[in-house]
Amino acid sequence: MTALVSLDIYNKNDILTVKNKYSNGVVIGLTKGEKISVESLLFALLIPSANDAAQVLADNANEDFVNLMNEKAIKIHLDATHFSNPQGFDDGVNYSTVHDLTRLATYALNTEFIKAAVKTPTAVIENADKSKTYEIRNVNELLFANPEYQGIKTGYTEQAGECLLSLVARGNHKIIIAILKSEDRFEETQKLADWTFRNTIWLEPQKLPL
């Protein structure tokens with residue numbers, strides 16, 4: 001959702017300023033005063049789950065960023081979801097469900113930039129004046145193990161446990177799997193994918209008679 005709202009309010013080539021050094025959770029190490037493009041921040045957000053990138057995107061908005069997140073959640077019918085920060089940290093009022101996360105993923109994959117970014121294993125980004133580069137690596141181990149797995153997003157907090165949204169393509173068919181409160185999100189996702197493809201009969205759309 002942080003990426004979707006950012007793409008709503010910024011152009012990818014917009015240059016944002018890091019207003020404060022941010023060190024909570026996973027970060028790429030952005031420094032106060034550094035200038036960096038929205039595109040680079042989105043890569044840092046979607047590939048290694050950089051919390052400092054999320055904060056920079058939120059800090060530079062002209063409106064209340066979290067409010068924009070919740071407005072978009074209502075718009076796309078995430079009826080059991082509420083956001084309270086751009087990183088997804090636990091705080092009692094930041095919550096969602098597997099149903100809503102699957103709906104969110106389906107919506108986000110209609111954005112070509114997000115669709116491409118979430119299946120990128122590694123990348124190198126740089127700040128605006130090219131004085132600093134960042135080598136980033138996707139947290140999603142499945143991207144490195146099997147080309148059938150094409151994203152989408154990892155997550156972890158103490159309350160939520162290991163989380164994983166996955167797009168899995170096998171043959172001519174694709175499925176989305178949402179895992180929450182896992183102790184082994186990658187193995188469980190693979191088991192669910194194998195079970196689903198093994199036990200699903202795929203029906204072709206029926207043409208109505210004229």
Side-chain angles (χ1 to χ4, degrees), residues 1-8 24-26 41-51 53-55 57-58 65-121 138-143 146 148-170 173-197 200:
M1 183 59 81
T2 301
L4 284 169
V5 170
S6 297
L7 288 168
D8 285 343
N24 291 352
V26 176
L41 289 167
L42 288 171
F43 275 122
L45 175 76
L46 294 169
I47 297 176
S49 299
N51 292 318
Q55 194 63 46
L57 289 163
F65 193 89
V66 174
N67 186 55
L68 293 174
M69 294 171 72
N70 286 310
E71 287 180 355
K72 196 167 189 73
I74 293 170
K75 181 180 178 181
I76 62 177
H77 306 293
L78 306 186
D79 299 327
T81 294
H82 184 268
F83 299 102
S84 60
N85 59 75
Q87 294 89 359
F89 290 141
D90 294 328
D91 66 3
V93 289
N94 196 84
Y95 56 82
S96 191
T97 65
V98 290
H99 178 273
D100 277 9
L101 290 173
T102 303
R103 182 184 291 273
L104 175 60
T106 303
Y107 181 89
L109 289 173
N110 288 315
T111 302
E112 287 300 319
F113 178 86
I114 293 178
K115 184 178 179 180
V118 297
K119 64 180 180 181
T120 301
N138 206 305
V139 181
N140 189 348
E141 296 177 5
L142 296 178
L143 296 181
N146 189 330
E148 291 182 347
Y149 294 90
Q150 299 177 5
I152 306 167
K153 193 69 191 70
T154 57
Y156 174 82
T157 69
E158 289 188 7
Q159 291 182 28
E162 293 185 12
C163 305
L164 183 62
L165 272 169
S166 296
L167 174 65
V168 191
R170 187 172 296 179
H173 304 292
K174 294 181 178 181
I175 61 173
I176 291 175
I177 296 174
I179 296 271
L180 302 179
K181 201 69 174 179
S182 173
E183 294 184 359
D184 192 338
R185 55 190 168 182
F186 302 122
E187 182 178 353
E188 289 182 359
T189 293
Q190 290 178 92
K191 287 180 178 179
L192 278 171
D194 290 341
W195 184 93
T196 301
F197 282 109
T200 299

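We number each residue from 1, following the sequence as shown.
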Is there a side-chain contact between Y156 and V26, using heavy atoms and a 4.5 Å cut-off? no

Donor on one side chain, acceptor on other, N67 and E71, under 3.5 Å: yes

Closest non-hydrogen atom pair, L45 against A54: CD1-CB, 3.6 Å

Distance, nearest 0.5 Å, that separates CG of L109 from CD1 of I152: 4.5 Å

Any side-chain heavy atom of E141 within less than 4.5 Å of one from T189? no

Show the atom names and distances, to 0.1 Å, of all donor-acceptor pairs under 3.5 Å that link a side chain in residues 84-91 to residues at least two apart or in another chain.
from, atom 1, to, atom 2, distance (Å)
S84, OG, D91, OD1, 2.9
S84, OG, D91, OD2, 2.5
S84, OG, N94, OD1, 3.4
N85, OD1, Q87, N, 3.2
N85, OD1, G88, N, 2.6
N85, OD1, F89, N, 2.9
N85, ND2, F89, O, 3.2
Q87, NE2, Y22, OH, 3.3
Q87, NE2, N51, O, 3.3
Q87, NE2, Q55, OE1, 2.7
D90, OD1, T157, OG1, 2.7
D90, OD2, T157, OG1, 3.0
D90, OD2, E158, N, 3.4
D90, OD2, Q159, N, 3.0
D91, OD1, V93, N, 3.1
D91, OD1, N94, N, 3.2

Measuring centre to centre across the rings, with the benzene-like ring taken for any Trp, is F113 within less than 6.0 Å of F43? yes

Enter the distance from L101:CG to L180:CG here, rounded to the nearest 0.5 Å. 6.0 Å

Would a 4.5 Å heavy-atom cut-off, applied to side chains only, mark T81 and Y95 as touching? no

Non-hydrogen atoms of S166 and L142 that approach each other most closely: OG-CD1, 4.5 Å

Side chains of S6 and L42: closer than 4.5 Å at any heavy-atom pair? yes

Answer whether the closest heavy-atom distance between the side chains of N140 and F186 falls below 4.5 Å. yes

Taking side chain as C-beta onward, heavy atoms only, is I175 less than 4.5 Å from F197? yes

Measuring only between side-chain heavy atoms, which start at C-beta, is Q150 closer than 4.5 Å to V168? no

More than 12 foreign heavy atoms under 6.0 Å from NZ of K72: is that the case here? yes

Do the side-chain N and O atoms of K153 and S49 include a donor-acceptor pair separated by under 3.5 angstrom? yes

Can you see which heavy atom on L165 is nearest to which on A178, and at what distance? CD2-CB, 3.8 Å

Heavy atoms, side chains only, cut-off 4.5 Å: are L4 and L104 in contact? yes

Indicate yes or no for a side-chain donor-acceptor contact from R185 to the backbone of G155 under 3.5 Å, with no hydrogens or angles considered. yes

Grab the two heavy atoms, one from I179 and one from E188, that are nearest each other, plus how far apart they are. CG2-OE1, 3.9 Å

What are the two closest heavy atoms between L143 and T120, and how far apart are they? CD1-O, 4.1 Å

Identify the heavy atoms of P121 and I47 that sit nearest to each other, and give their distance. O-CG2, 4.1 Å

Residues in salt bridge (Lys or Arg N to Asp or Glu O under 4.0 Å) contact with E148, at least two apart in sequence or another chain: R170

Distance from N70 atom CG to F83 atom CZ, nearest 0.5 Å? 7.0 Å

To the closest 0.5 Å, what do you measure between OG1 (T200) and NE2 (H173)? 9.0 Å

One pair to check against side-chain contact (heavy atoms from CB on, under 4.5 Å): D8 and L68. What are the steps and the verdict? CA-CA 10 Å; D8 285 343; L68 293 174; over 6 Å; no

Going by salt bridge (Lys or Arg N to Asp or Glu O under 4.0 Å), name the residues that satisfy it together with K119, two or more places apart in sequence or in a different chain. none

Let me see the working for T2 and F65 under side-chain contact (heavy atoms from CB on, under 4.5 Å), right down to the final yes or no. CA-CA 9 Å; T2 301; F65 193 89; 3.8 Å; yes

Does H99 NE2 have over 12 foreign heavy atoms under 6.0 Å away? no

